[in-house]
Amino acid sequence: FFFLMIRRPPRSTQSRSSAASDVYKRQPQDIVKTHLQCDFGPPGFKRKYQVSKIIPDGGFFDCARQIVREQGFRGLWIGFSACAIRAMYANAIGFMVYEYTRDYLSLIHI
């Protein structure tokens, strides 16, 4: 029923490329965040990533430095393809539903 009311095709190509570029920009921060979330233990636990004495960062910069030292700069983008594929389909579906709903509501004058 919704497919008959569409005046133009959904912008899935733009939404996919937007999702991929967004994941590419966010991936290093997400990798560091995941490493920091796994760096916990009972009271008295010696953390792998040390908090800076100058900037109270929770160990963010130390974690990023150690990832680059151990795995190289590309280590910050581990898992990029899986995240990008997921984001591409999620954005495409979200935009498609939005556009179908917008077109439907404009047809029934809401």
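This one's a predicted model, so the numbers in the text were calculated from it and none came from an experiment. For the single chain, residues carry numbers from 1 onward in sequence order.
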> Looking at A19 and A87, what are the two nearest heavy atoms and their distance?
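Heavy-atom minimum between the residues: CB-O, 3.4 Å.
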> Out of curiosity, D57 CG to D62 CG, how far, rounded to the nearest 0.5 Å?
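CG of D62 is found 8.0 Å from CG of D57.
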> State which residues pass side chain to side chain donor-acceptor pair (under 3.5 Å) with K33; sequence neighbours excluded, sorted by chain then number.
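Checked K33 against side chain to side chain donor-acceptor pair (under 3.5 Å); matches are D30.
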> Restricting to non-hydrogen atoms, name the atom on T101 and the atom on V97 that form the minimum distance, rounded to 0.1 Å.
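That would be OG1-O, 2.8 Å.
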> Would you give the length of the straight line joining atom CD1 of I67 to atom OG1 of T34, rounded to the nearest 0.5 angstrom?
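I67 atom CD1 to T34 atom OG1 measures 9.0 Å (nearest 0.5 Å).
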> Shortest non-hydrogen contact from P28 to K25?
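Closest approach of P28 to K25, heavy atoms only: CD-O, 3.8 Å.
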> Are F73 and V23 connected into the same hydrophobic cluster when the rule is that any two of I, L, V, M, F, W, Y join if their side-chain heavy atoms are below 4.5 Å apart?
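Linked, V23 and F73 end up in one cluster.
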> Please output the side-chain donor-acceptor pairs of residues 48-56 that fall under 3.5 Å, not counting sequence neighbours, one pair per line with the distance.
| unit_1 | atom_1 | unit_2 | atom_2 | d |
| --- | --- | --- | --- | --- |
| Y49 | OH | H35 | ND1 | 3.2 |
| Q50 | NE2 | R47 | O | 2.6 |
| S52 | OG | I54 | N | 3.1 |
| S52 | OG | I55 | N | 3.2 |

> Say whether W77 and F60 are linked into one hydrophobic cluster, either directly or through other cluster members, by side-chain heavy-atom distances under 4.5 angstrom.
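Both belong to a single hydrophobic cluster.
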> What are the two closest non-hydrogen atoms of L36 and C63, and how far apart are they?
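For L36 and C63, the tightest heavy-atom pair comes out as CD2-CB, 4.0 Å.
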> Measure the CE-CG distance between M96 and N91 for me, rounded to the nearest 0.5 Å.
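Reported to 0.5 Å precision, the distance equals 12.5 Å.
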> Taking the six-membered ring for Trp, are Y24 and F80 closer than 6.0 Å centroid to centroid?
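Here the rings of F80 and Y24 have centres that are less than 6.0 Å from each other.
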> Between CD1 of I78 and SG of C83, what distance do you get to the nearest 0.5 Å?
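Between atom CD1 of I78 and atom SG of C83 there are 11.5 Å.
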> In sequence, state the C-alpha distance, the side-chain angles, and the governing distance for Q27 and L76, and then conclude on side-chain contact (heavy atoms from CB on, under 4.5 Å).
CA-CA 7 Å; Q27 188 69 16; L76 294 172; over 6 Å; no
> Can you sort out the partners of R74 under side chain to side chain contact (heavy atoms under 4.5 Å, CB included), two or more places apart, ordered by chain and number?
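R74 satisfies side chain to side chain contact (heavy atoms under 4.5 Å, CB included) with no residue once adjacent residues are dropped.
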> Between V32 and F61, is a side-chain contact (heavy atoms from CB on, under 4.5 Å) present by the stated rule, with each step listed?
CA-CA 9 Å; V32 172; F61 293 110; over 6 Å; no
> Output the distance between atom CZ (R26) and atom OG (S21), rounded to the nearest 0.5 Å.
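Going from the CZ atom of R26 to the OG atom of S21 covers 10.0 Å.
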> To the nearest 0.5 Å, tell me how far Y89 OH sits from I93 CD1.
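Here the rounded value is 9.0 Å.
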